[in-house]
Amino acid sequence: MTDSLPDLSEFHDELRSVARGLLARSGHDAPVDWESISTSGWLGLEVPSEFDGADGTFAEVAVILREIGRASARGPYPAVASLTVAALALLESGPERERLLRDTASGSTVPVFVLGGESAGRAQFQVEVEPQGAFLRGAAAFVLDAPGADRLLVPAREPDGTIVVIDLDPRAPGLVVTEQPVVDATRSFGTVLAEGVAIPPESLWRFHGDPQEALHRLHDRAAVGVACDSLGSSEAMLDATVAYAGMREQFGRKIGSFQAVKHACADMLVQVTVARTLVDAAVRSLVSEDPEATTATSMAKVYSCAAAVEIAGKAMQLHGGMGYTWESGIHVYLKRATLNRSLFGSPALHRAYLAQRYRPAS
């Protein structure tokens, strides 16, 4: 199924070059101007043309996510592009949903789909029906970019078990969004707590397919998005380390000429190459709606995120004393990679799934 996808590598290379240039202008570890993101058209890559989008796929979004990881850039693009746009595409048509989709593509609003980083694809909110009306209760932690959102799309389970999406203003009475400190200073996370939030009828939206399958698919996208970020981080650390090894001298020689440094850089290159292959396979599986997409997702998530931590650690070591300084910036990548490793499924969780998937039949 994945072989039937068109070859857009030339377009992706051009998109990657433009993204790298724009992110570089923002500076290392700096917030990316939202107006620049909006005018670039990146927010509408997957949005249908009828809603002012580009009619693209997640493959194009993945290119941007990888470059954001390479730049260790700040901003809500990953949350909006990886989850919110995809969630809106899976919902039944309606004037409110279509208006939000158009506003998201233009960048005039920043909606966030409330999927906790430790949720494992489960709805963490409940819709409770009372004589006075319907109310939302529940909580989710480590929700990417929740503190800066101006709309929250909350997946919740109705009394009969059906999963729906509730469109809410973050300032709604009973809804509390609290910023959640994490080791990675380049991103924003929050806890979303709903304590009897009134649900207007027009704010309850339904999936046009199997709701549980839709939520599972969104969780896979979130995990692959993190894998793309980790791959970009690994590529940045490899490039920085090779450049430093070719410049830094010790005992009258470039350190890149030492056998131990050559082997370490070669090991990093192998890890990046394998991660790139697995991430590309996962992206293709999601785009083609392959039934084995979850398997490809787990492989990419486990390997690329673990490799990013190891590669950042090696980069710090090979930079010598400079690698441990604040000015080198390597600590930014190490912290980001460390958090990526646990988001949307720990390594143990994904490995357990893969072990079960390939368990020999008894």
Side-chain angles (χ1 to χ4, degrees), residues 5 7-26 28-30 32 36-37 40-43 45-46 54 56-83 85-86 144-145 184 186-187 220-241 268-287 293 296-297 299-312 315 329 332-334 336-337 339-341 343-344:
L5 295 176
D7 182 10
L8 298 175
S9 55
E10 185 175 343
F11 170 66
H12 289 174
D13 288 342
E14 181 179 349
L15 182 62
R16 183 176 296 109
S17 176
V18 171
R20 192 169 300 179
L22 189 152
L23 293 169
R25 288 200 301 272
S26 299
H28 174 71
D29 184 28
V32 181
S36 298
I37 293 289
S40 69
W42 297 350
L43 291 164
L45 283 172
E46 266 192 287
T57 69
F58 183 59
E60 286 70 58
V61 174
V63 172
I64 306 299
L65 294 175
R66 187 164 144 191
E67 290 306 311
I68 286 177
R70 174 185 279 271
S72 197
R74 306 185 187 195
Y77 180 82
V80 175
S82 279
L83 281 172
V85 171
L144 183 60
D145 289 309
D184 174 20
T186 65
R187 286 178 292 184
D220 281 351
R221 279 181 59 110
V224 173
V226 172
C228 290
D229 190 275
S230 290
L231 173 57
S233 173
S234 295
E235 291 173 330
M237 288 292 90
L238 173 60
D239 290 349
T241 303
M268 293 167 71
L269 176 60
V270 170
Q271 288 179 297
V272 167
T273 303
V274 174
R276 187 181 297 133
T277 300
L278 291 173
V279 169
D280 286 348
V283 170
R284 288 196 304 271
S285 293
L286 288 175
V287 171
T297 293
M299 288 180 174
K301 176 65 169 62
V302 168
Y303 188 89
S304 65
C305 291
V309 176
E310 293 178 12
I311 289 171
V332 173
Y333 288 89
L334 181 58
R336 189 167 175 128
L339 182 58
N340 280 354
R341 189 169 53 184
L343 281 177
F344 302 113

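Not measured: the values here are computed from a predicted model. The residues of the chain are indexed from 1 along the displayed sequence. What's counted below: heavy atoms across the whole structure, side chains too, no hydrogens, waters or symmetry copies.
A distance-only check finds a donor-acceptor pair linking the side chain of Ser234 to the backbone of Ser230 [under 3.5 Å]. One N or O on the side chain of Arg221 and one on the backbone of Ser82 form a donor-acceptor pair closer than 3.5 Å. Side-chain N or O atoms of Thr273 include one that pairs as donor or acceptor with a backbone N or O of Leu269 at under 3.5 Å. Judged by distance alone, the side chain of Arg20 and the main-chain N or O of Arg70 form no donor-acceptor pair under 3.5 Å. Side-chain atoms of Arg336 come within 3.5 Å of backbone atoms of Ala73 as a donor-acceptor pair (strictly under, hydrogens ignored). A donor-acceptor pair under 3.5 Å is absent between the side-chain atoms of Lys301 and the main chain of Ala296, judged by distance alone. Looking only at distances, a side-chain donor or acceptor of Ser40 sits under 3.5 Å from a matching main-chain atom of Ile37.
Here Asp280 contributes atom CG and Leu231 contributes atom CG; the two are 7.5 Å apart, rounded to the nearest 0.5 Å. The CG atom of Leu334 sits 11.5 Å away from atom CG of Leu339, with the distance rounded to the nearest 0.5 Å. Here Gln271 contributes atom CD and Ile311 contributes atom CD1; the two are 4.5 Å apart, rounded to the nearest 0.5 Å. For the atom pair OG1 (Thr297) and CG (Leu286), the distance works out to 4.5 Å, reported to the nearest 0.5 Å. Taking CE of Met268 as the start and OG1 of Thr241 as the end, the distance is 4.0 Å to the nearest 0.5 Å.
For the pair Arg66 and Val283, the minimum side-chain heavy-atom distance is 4.5 Å or more. Taking 4.5 Å as the limit, every side-chain heavy atom of Trp42 sits out of range of all side-chain heavy atoms of Val80. In this structure the side chain of Glu67 reaches within 4.5 angstrom of the side chain of Arg16, judged on heavy atoms. With a 4.5 Å cut-off on side-chain heavy atoms, Val61 and Tyr77 count as touching. In this structure, the side chains of Leu8 and Glu60 come closer than 4.5 Å at one or more pairs of heavy atoms. You'll find the side chain of Val279 stays beyond 4.5 Å of the side chain of Tyr303, heavy atoms only. Contact of the Cys305 side chain with the Val226 side chain is registered, since non-hydrogen atoms from C-beta on lie closer than 4.5 Å.
Counting all heavy atoms, side chain and backbone alike, Tyr333 lies closest to Gly69 at CE2-O, 3.7 Å. The shortest heavy-atom contact between Ala223 and Phe344 is CB-O, 4.0 Å. Nearest approach of Gly225 to Phe58, heavy atoms of both residues: N-CZ, 4.4 Å. For the residue pair Val309 and Ala337, the shortest heavy atom distance occurs at CG2-O, 3.5 Å. Here the closest heavy-atom approach between residue Ser285 and residue Ala293 is recorded as CB-CA, 3.8 Å.
Partner Leu45 forms a side-chain contact (heavy atoms from CB on, under 4.5 Å) with one of Ile64, Val85, Val63 and no other, that one being Ile64.
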